[in-house]
Protein chains: 4
Amino acid sequence: MTGSAANENASPWLPVEDREKARDQKIEAVQDMALTLFIEQGYHHVTMNEVAERLNVTKPALYNYFRSKEDILYSCWMSGHERLQQRVGAELGEGSGLARLRRLIRIYAETMTTTYGKSLVLLDDRDLDEINRRAILERKRNLDGLFRKLIADGVADGSIRPTDPRMAAFAIAGALNWIGHWHRVDGPMTPEKIAEDFAQRLTAGLERDDG
Amino acid sequence: MTGSAANENASPWLPVEDREKARDQKIEAVQDMALTLFIEQGYHHVTMNEVAERLNVTKPALYNYFRSKEDILYSCWMSGHERLQQRVGAELGEGSGLARLRRLIRIYAETMTTTYGKSLVLLDDRDLDEINRRAILERKRNLDGLFRKLIADGVADGSIRPTDPRMAAFAIAGALNWIGHWHRVDGPMTPEKIAEDFAQRLTAGLERDDG
Amino acid sequence: MTGSAANENASPWLPVEDREKARDQKIEAVQDMALTLFIEQGYHHVTMNEVAERLNVTKPALYNYFRSKEDILYSCWMSGHERLQQRVGAELGEGSGLARLRRLIRIYAETMTTTYGKSLVLLDDRDLDEINRRAILERKRNLDGLFRKLIADGVADGSIRPTDPRMAAFAIAGALNWIGHWHRVDGPMTPEKIAEDFAQRLTAGLERDDG
Amino acid sequence: MTGSAANENASPWLPVEDREKARDQKIEAVQDMALTLFIEQGYHHVTMNEVAERLNVTKPALYNYFRSKEDILYSCWMSGHERLQQRVGAELGEGSGLARLRRLIRIYAETMTTTYGKSLVLLDDRDLDEINRRAILERKRNLDGLFRKLIADGVADGSIRPTDPRMAAFAIAGALNWIGHWHRVDGPMTPEKIAEDFAQRLTAGLERDDG
DNA sequence: GATGAATGAGAATTCATTCAT
DNA sequence: TATGAATGAATTCTCATTCAT
């Protein structure tokens, strides 16, 4: 469920294999491999050569699918964002501000345990050119805005005790983003457990006393 | 109060100045400038040349004070950690687990608004060689351990409601570390205000209901 | 008048067209397109990809008609030379050295206003391998020899005043070759006008005073 | 007399030599060597590596003196132009249009026998970026304008028979530029002889009949 | 201590060319 | 004949680092 997309080491180029795999699959394979490496080692320590070798291809082959290394980076971040947005769009649902905030936290936390989710925090937008960077910063702002809005909504509808939405959003987003740093696939808790724990934990202080 | 260390543009080499400034001051100047740039642009986008130029020196001069670029990076992180540790040692004080946790949060939050504090989160230990990296990872573990301990203490002494110290520590540390990403010197809140807000906010859900 | 060969943008591969076009026509189409691009942008700035794209084909298709990029280059030059030679053979005619020189100039000048004519000066033989290069250099020498011979003939038959044929040939050929650099299809003079002007101009100083 | 600047194979880096040579000399050495190679082999066949090796240095050393390969190219062309302009400025002098035209031809012809002079015709402005290219095209236009002006002046003052200055300038400049292609240092004529020959030859047809 | 000069080791990117289909 | 995919071989340029002075 939590898409371990990037983890298959199965390369579409494995020796004499079926070459009929769609172009899209190759694009995805490149992206997955690159992302995995970016997250493991950091963008600047990953060479195009390494990405290629791990896929049993040579470097120039990658340029059939992406214009540049930076292009891959951008693509990775955007894919991560898209996956998050999709779930948010589908699952945020209705209800009080608090209820929706909890759902957002759950979705966000779960996403943060996937490779693509981690890309949202572990990739550095300063490695992109101005245009791509701006696109990403805007999406980051929107995400932040969503947290603030749900909090403000909650305060308005009485499900959340009065608080500064900006600071509350910072605190929650920080805790969530941090998951990308400490989460390990072989850790003791499933993504769902983590999500459930954080949904409670990060809203415990926000509930009305008389809730 | 906490060092705005990295911000002085005063270079010890400024034109005709007294060249007698102590070696230590120069070391610090290099470190400050490098750190400021690392944080602004990211380690890999900062060249030794740029660090030097900003100090009105030439590149090789830097090698009188640091063995390598990586050495500067390590040094920056360590200085940040030392400053934090110093305050923790001096100010954590006595009291219930909850009380001490709140103090730690305050110290940590304030520190996160300084350039050196940010270095703890914004510098990437993967840019270091194994030895230095391990040294840092250990300190990071210790820091995490401290959070967990205070929480566990609080649970034990009844000041904190029963909770998983590991997850609680992750949530709190995440929220705190995130400050390094969003805080701007010219933002609307002083470091003290942020610290006070977070000390309350991050422990609000931990207090005993009947606290 | 002489082929505006390279200008048709009509590709033999245009969408659903009759694919029965003779192989020779395709060869010519490739050559024309390549030459046009070589002259516009310079050999090294033209990629096989670009040539192919402009013809609505893919790169490897070109290799059905030419062994290599260099092969196209060679072919272009040779075609240009052939066209020139053909006219020279057909139109140089008989008469005094001066009369024949004037005819050569006219032919050469007109040719220089065509894409293929320009190839004689604007393509660089150093981009060819030794074998092809030698073939071209020989033809260039022959061309030069022809100029010198007509001049020497003219001197011998009294139609041209005594002069150094080598230098005279250099001066005339230089002026003519330069046409390839400055001529634009949409310029103010027709090829014929240019040819007529140069035929007079370049021989004005060669006529006997008492001619 | 005319600078054989680029021909010295004396490298300022020759083994253990005097390292005191001025930076300017090194810049010039790089430029000279690069230009020599550009002219011998064509810009695209010359690698930075080759330039460096011939100077007993390594590639990156060149980047201390020029920002890029293109920068060297631009610099070469400009130096050639400057040398020409200097002589033109100093030696064109006064007199009838015809007299001045002859002097220009002499200067131009002599220049064309030097490595730097050849750079004016043998380097391709399309290898430059738009900005540098424009700078060069403007200078080329000015040069052309000078030829036309002197011819027009001559027509006006009666020293030159009525003729189209544009075409006359093309013919003369073409003959002169061609020198850059055929001239060899070990050829049978000295630069001065060539210049004298061309000064007469290229204006022979321009004199008034009754001159 | 400081510098000018140079270098070794990459790293991304390009492109003509080939090959299986 | 045409193509999609891949590759080998450059080539430019960068940068941390060193060294003679």
Side-chain angles (χ1 to χ4, degrees), chain A residues 12-13 16 19-23 26 44-52 55-72, chain B residues 12-13 19-21 23 26 44-52 55-72, chain C residues 12-13 19-21 23 26 44-52 55-72, chain D residues 12-13 16 19-23 26 44-52 55-72:
Chain A
W13 290 275
V16 208
R19 301 242 157 179
E20 297 79 27
K21 284 208 173 186
R23 180 179 175 80
K26 303 227 180 143
H44 292 282
H45 293 129
V46 177
T47 68
M48 290 297 268
N49 231 334
E50 189 178 357
V51 176
L55 290 166
N56 300 319
V57 219
T58 57
K59 205 176 7 172
L62 303 181
Y63 288 86
N64 284 326
Y65 306 104
F66 291 92
R67 265 194 314 280
S68 65
K69 190 185 176 189
E70 191 201 302
D71 191 25
I72 302 182
Chain B
W13 289 274
R19 302 243 157 182
E20 299 77 26
K21 280 206 174 185
R23 179 178 173 80
K26 300 206 181 164
H44 291 282
H45 293 129
V46 177
T47 67
M48 290 297 268
N49 232 333
E50 191 178 356
V51 175
L55 291 166
N56 299 320
V57 219
T58 57
K59 205 170 17 169
L62 303 181
Y63 288 86
N64 287 321
Y65 306 104
F66 292 93
R67 266 194 315 282
S68 65
K69 189 185 177 189
E70 191 202 304
D71 191 25
I72 303 182
Chain C
W13 289 274
R19 301 244 158 182
E20 299 78 25
K21 280 209 175 183
R23 179 179 172 79
K26 300 206 183 165
H44 292 282
H45 293 129
V46 177
T47 68
M48 291 296 268
N49 231 334
E50 190 178 357
V51 176
L55 290 167
N56 300 318
V57 219
T58 57
K59 205 171 15 170
L62 303 181
Y63 288 85
N64 287 322
Y65 306 105
F66 291 93
R67 266 194 315 280
S68 65
K69 190 186 177 189
E70 190 202 303
D71 191 25
I72 304 182
Chain D
W13 291 276
V16 209
R19 300 241 159 181
E20 299 78 27
K21 285 206 175 187
R23 181 178 174 80
K26 303 226 180 146
H44 292 282
H45 293 129
V46 178
T47 69
M48 289 297 267
N49 233 332
E50 190 179 355
V51 176
L55 289 167
N56 300 319
V57 218
T58 57
K59 206 178 5 174
L62 302 182
Y63 289 85
N64 284 325
Y65 306 104
F66 291 93
R67 267 194 313 279
S68 66
K69 189 184 176 190
E70 193 201 301
D71 191 25
I72 303 182

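In what follows, chains are A, B, ... by sequence order, proteins preceding strands, each numbered from 1.
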* To do: Would you check if B/Ile72 and B/Met48 make a side-chain contact, meaning some heavy-atom pair closer than 4.5 Å?
  => yes
* Starting from the 5' end of DNA chain F, give me the residue, D/Glu70 or B/Lys69, whose nearest nucleotide shows up first. => D/Glu70
Provide, to the nearest angstrom, the distance between the [atom1] atom belonging to [X] and the [atom2] atom belonging to [N].
{"X": "C/Leu62", "N": "E/dC19", "atom1": "CG", "atom2": "P", "result": "17 Å"}
{"X": "B/His45", "N": "F/dA16", "atom1": "NE2", "atom2": "C1'", "result": "16 Å"}
{"X": "D/His44", "N": "F/dA10", "atom1": "NE2", "atom2": "P", "result": "18 Å"}
{"X": "D/Arg67", "N": "F/dT14", "atom1": "CZ", "atom2": "P", "result": "10 Å"}
{"X": "B/Leu55", "N": "E/dA2", "atom1": "CG", "atom2": "C1'", "result": "14 Å"}
{"X": "C/Asn49", "N": "F/dG4", "atom1": "CG", "atom2": "C1'", "result": "12 Å"}
{"X": "A/Glu50", "N": "E/dA12", "atom1": "CD", "atom2": "C1'", "result": "15 Å"}
{"X": "C/Met48", "N": "F/dT3", "atom1": "CE", "atom2": "C1'", "result": "15 Å"}

* To do: Considering non-hydrogen atoms only, spot the tightest contact between B/Ala52 and B/Thr58 and give its length.
  =>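 Answer, listing the atom of B/Ala52 first, then B/Thr58: CB-C, 3.6 Å.
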* **Minimal non-hydrogen separation, B/His45 against B/Glu50, with atom names** => O-OE1, 4.0 Å
* Asked: Between the side-chain atoms of B/Lys59 and the base atoms of E/dT3, is any donor-acceptor pair under 3.5 Å?
  ->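 No pair found.
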* **Residue closer to the 5' end of DNA chain E, B/Pro60 versus B/Asn64 (nearest nucleotide)** =>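 That would be B/Asn64.
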* Establish, with yes or no, whether the OP1 or OP2 oxygen of E/dA5 is under 4.0 angstrom from a side-chain nitrogen or oxygen of D/Arg23. => yes
* Would you please confirm or rule out a distance under 4.0 Å between OP1 or OP2 of E/dG4 and any side-chain N or O of D/Lys26? =>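 Indeed not, no polar side-chain atom of D/Lys26 lies that close.
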Of the candidate nucleotides [options], which contains the atom at the shortest distance from the side chain of [X]?
{"X": "C/Tyr63", "options": "F/dA5, E/dT17, E/dA12", "result": "E/dT17"}
{"X": "D/Thr58", "options": "E/dT7, F/dG8, F/dA2", "result": "E/dT7"}
{"X": "C/Val57", "options": "F/dT3, E/dG1, F/dT11", "result": "F/dT3"}

* Structure string for DNA chain E in dot-bracket form, Watson-Crick and G-U at under 3.5 Å, | interchain -> .||||||||||||||||||||
* Using a 4.0 Å heavy-atom cut-off across all strands, classify B/Val51 as base, sugar-phosphate, or nothing. =>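 Result for B/Val51 = nothing.
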* Asked: C/Asp71: what forms a side-chain contact (heavy atoms from CB on, under 4.5 Å) with it, not counting sequence neighbours?
  ->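 Residues passing side-chain contact (heavy atoms from CB on, under 4.5 Å) with C/Asp71: C/Phe66, C/Arg67, C/Ser68.
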* Asked: With no hydrogens and no angle check, is any side-chain donor or acceptor of B/Lys59 less than 3.5 Å from a backbone partner on B/Thr47?
  -> no
